[in-house]
Amino acid sequence: VAAVLLLTVETRRAGAAAGCFLGFATLTMPAVFVIALLCCTAPLVTKGSNFRSRALSGVVSLLLAISPVTLLNYSRTGSFVLLTTAAGTNFYIGHNPFALAGYVLPDAIRPVQFVGRGSIFDKMKQVAEEVERRTFRDTEVSPYYFRKAIGYIMNHPLAELKLALLRLAALLNSYEATTYADYYYQREISPVLRSLVPFEFLLAFAVVGLFGVSVRKVYLLLIPLAGTVIVVLLFFYLSRLRMPMIPFLCVFAGCGAALLSSFLKEREWAKVFALLSIFTATFFFARISWVSHSSSNEWNKVGIVLLRQEKLEEADKAFERARQENPQDPNTYFNLARLAEKRSQLELAAALREQARALLTSGSREYYKALRSRQ
């Protein structure tokens, strides 16, 4: 937001400051680099002077802002790595035979089964080494998975087109897809989250506000929206990847509310009806479920905390809630086994552990089938 605001100021200093802010944002989430690249085109489209010098100063300051990480990467690996070695692995997660609109780890890579938690990069590196039967340097992993993903895209263009449309629909959906911190679990215990305006209202007002605007005048506000779309189509839909566009949707939503209000005051009923029709269509489209949701990970973590506090009954309820959310999650059964051991129910604990191990080896396929059927 600070970068976009600074880009409206027609001085080289403002351009340089904007580049710094974009660099700092990129360090927190490398996907923002796409938005940063698009921002370099802003002086070419928007009215103003010194657009070449402003763009150049912005690019230089952007690279300077991220340079400490690049230099650190070089000192550790001896190779040029701009930000991260995980780009290729993330790209493959979005483009493989098991890929869905949201973030889902692949079930297998050729003959090697992909299961387990922990460092996704380390696990995918290990799988690549097993498949190719050789040792990989960290810097070799990303190009390897880029090649595999591009090969899959070239061989399955229709499947990839369908996936792109599903991701675009998921991006415009009210569902908040998260990985380590589940929005829906947090909303159950947070009155602040429960009181926020739902995404479908924000999107519907924003679409209304986009009508009749001059692209040249609002180009800077459109850049985060375009960048977010590109990132989601390149990788997968996650709510944190959608976050950069939210403040700018708020601006367009304000425009939409103001436009609707002005037509109501002027009693231009035809225009009011047209805007309300657009609002209603967008609102209900955003409420269609495109990506599956499960809070099992969160309820498992809550159950573990309660288990350590010796609150066995409450832990049991948390683990059962996790099982309801996702019956195919092996972690739930391992946790229920720990609970059974605490209660000296050793036979039950052994059965639950066996069930968890079975899910680790074969249950993931059933989980993917369930996800696909819901999608």
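We use all heavy atoms of the structure for the numbers below, so side chains are in, but hydrogens, waters and symmetry mates are not.
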A.B. asks: Distance-only, no hydrogens or angles: does the N73 side chain make a donor-acceptor pair with backbone N or O of L83 under 3.5 Å?
C.D. replies: yes
A.B. asks: Check whether NZ of the Lys or CZ of the Arg R242 lies under 6.0 Å from the centre of the six-membered ring of F199 and within 45 degrees of that ring's axis.
C.D. replies: yes
A.B. asks: Backbone N or O of S239 within a donor-acceptor pair of the Y183 side chain at under 3.5 Å?
C.D. replies: no
A.B. asks: For residues L193 and Q186, report the shortest heavy-atom separation together with the two atoms involved.
C.D. replies: CD1-CB, 3.8 Å
A.B. asks: Could you check whether atom CD of E266 has more than 12 heavy atoms from other residues, nucleotides or ligands sitting under 6.0 Å from it?
C.D. replies: yes
A.B. asks: Ring-plane angle category for Y185 and W299, please: parallel below 30°, perpendicular beyond 60°, tilted otherwise.
C.D. replies: perpendicular
A.B. asks: For N300 and N335: C-alpha separation, side-chain torsions, deciding distance, then whether side chain to side chain donor-acceptor pair (under 3.5 Å) applies.
C.D. replies: CA-CA 7 Å; N300 269 315; N335 290 330; 2.9 Å; yes
A.B. asks: With the threshold set at 4.0 Å, does a side-chain nitrogen-carboxylate oxygen contact exist between R338 and E341?
C.D. replies: no
A.B. asks: Would you say N96's side chain and I93's backbone share a donor-acceptor pair under 3.5 angstrom?
C.D. replies: yes
A.B. asks: Determine, step by step, whether L22 and C39 satisfy the side chain to side chain contact (heavy atoms under 4.5 Å, CB included) criterion, reporting the C-alpha distance in whole Å, the side-chain angles of both residues, the deciding distance to 0.1 Å, and the verdict.
C.D. replies: CA-CA 9 Å; L22 286 168; C39 282; 3.8 Å; yes
A.B. asks: Would you please indicate if the ring centroids of Y74 and F80 are separated by under 6.0 Å?
C.D. replies: no
A.B. asks: Taking the side chain as every heavy atom from C-beta outward, state whether D138 and F121 have any atom pair closer than 4.5 Å.
C.D. replies: yes
A.B. asks: Return yes if some donor-acceptor pair links the side-chain N/O of T70 with the main-chain N/O of L82 below 3.5 Å, else return no.
C.D. replies: yes
A.B. asks: Centroid separation under 6.0 Å, is that true for the rings of Y152 and F98?
C.D. replies: no
A.B. asks: Within the structure provided, determine whether I153 and F91 are in side-chain contact (heavy-atom separation under 4.5 Å).
C.D. replies: yes
A.B. asks: Passes side chain to side chain contact (heavy atoms under 4.5 Å, CB included), I120 versus T89? Steps please.
C.D. replies: CA-CA 9 Å; I120 302 304; T89 55; 5.9 Å; no
A.B. asks: A side-chain contact here means heavy atoms from C-beta on lying under 4.5 Å apart; do T85 and V141 qualify?
C.D. replies: no
A.B. asks: Relative to F136, does R134 satisfy both conditions: NZ or CZ under 6.0 angstrom from the six-membered ring centre, and within 45 degrees of the ring's axis?
C.D. replies: yes
A.B. asks: Would you say I223 and Y219 make side-chain contact, with heavy atoms under 4.5 Å?
C.D. replies: yes
A.B. asks: Has the side chain of R194 got a donor or acceptor atom that lies under 3.5 Å from a matching backbone atom of R187?
C.D. replies: yes
A.B. asks: Would one find more than 12 heavy atoms of other residues, nucleotides or ligands at under 6.0 Å from atom CG of L158?
C.D. replies: no
A.B. asks: Does a side-chain N-to-carboxylate-O contact under 4.0 Å join K125 and E140?
C.D. replies: no
A.B. asks: Are V59 and L62 packed together at the side-chain level, in the sense that at least one heavy-atom pair is separated by less than 4.5 angstrom?
C.D. replies: no
A.B. asks: Please determine whether a side-chain nitrogen of the Lys or Arg among E313 and K317 lies less than 4.0 Å from a carboxylate oxygen of the Asp or Glu.
C.D. replies: no
A.B. asks: Assess whether ring pair (Phe, Tyr, Trp, His ring centres under 6.0 Å) is satisfied between Y175 and Y184, documenting all intermediate values.
C.D. replies: CA-CA 9 Å; Y175 171 64; Y184 297 95; 5.7 Å; yes
A.B. asks: So do the side chains of L339 and L352 get within less than 4.5 Å of each other, counting heavy atoms only?
C.D. replies: no
A.B. asks: Taking H95 for the side chain and L234 for the main chain, is one N or O donor matched with an acceptor at less than 3.5 Å?
C.D. replies: yes
A.B. asks: Applying side chain to side chain contact (heavy atoms under 4.5 Å, CB included), run through I66 and L27 and close with a yes or a no.
C.D. replies: CA-CA 7 Å; I66 65 177; L27 291 178; 3.9 Å; yes
A.B. asks: Quick one: does F252's side chain get under 4.5 Å of L222's, heavy atoms only?
C.D. replies: yes
A.B. asks: Using a cut-off of 6.0 Å, state whether more than 12 heavy atoms not belonging to R287 lie near its atom CZ.
C.D. replies: no
A.B. asks: Would you find a donor on one side and an acceptor on the other, under 3.5 Å apart, between the side chain of Y333 and the backbone of P327?
C.D. replies: yes
A.B. asks: Are any non-hydrogen side-chain atoms of L163 and R167 less than 4.5 angstrom apart?
C.D. replies: yes
A.B. asks: Which pair of non-hydrogen atoms, one from F285 and one from A169, has the smallest distance, and what is that distance?
C.D. replies: CZ-CB, 4.0 Å
A.B. asks: Checking S57 side chain against R12 main chain: does a donor-acceptor pair fall under 3.5 Å?
C.D. replies: yes
A.B. asks: Run the numbers on V69 and V81 for side chain to side chain contact (heavy atoms under 4.5 Å, CB included), then give the verdict.
C.D. replies: CA-CA 9 Å; V69 170; V81 179; over 6 Å; no
A.B. asks: Would you check if the side chain of S261 reaches a backbone N or O of A258 as a donor-acceptor pair within less than 3.5 Å?
C.D. replies: no
A.B. asks: Between T282 (side chain) and A204 (backbone), is there a donor-acceptor pair under 3.5 Å?
C.D. replies: no
A.B. asks: For residues E320 and Q324, is any side-chain donor paired with an opposing acceptor at under 3.5 Å?
C.D. replies: no
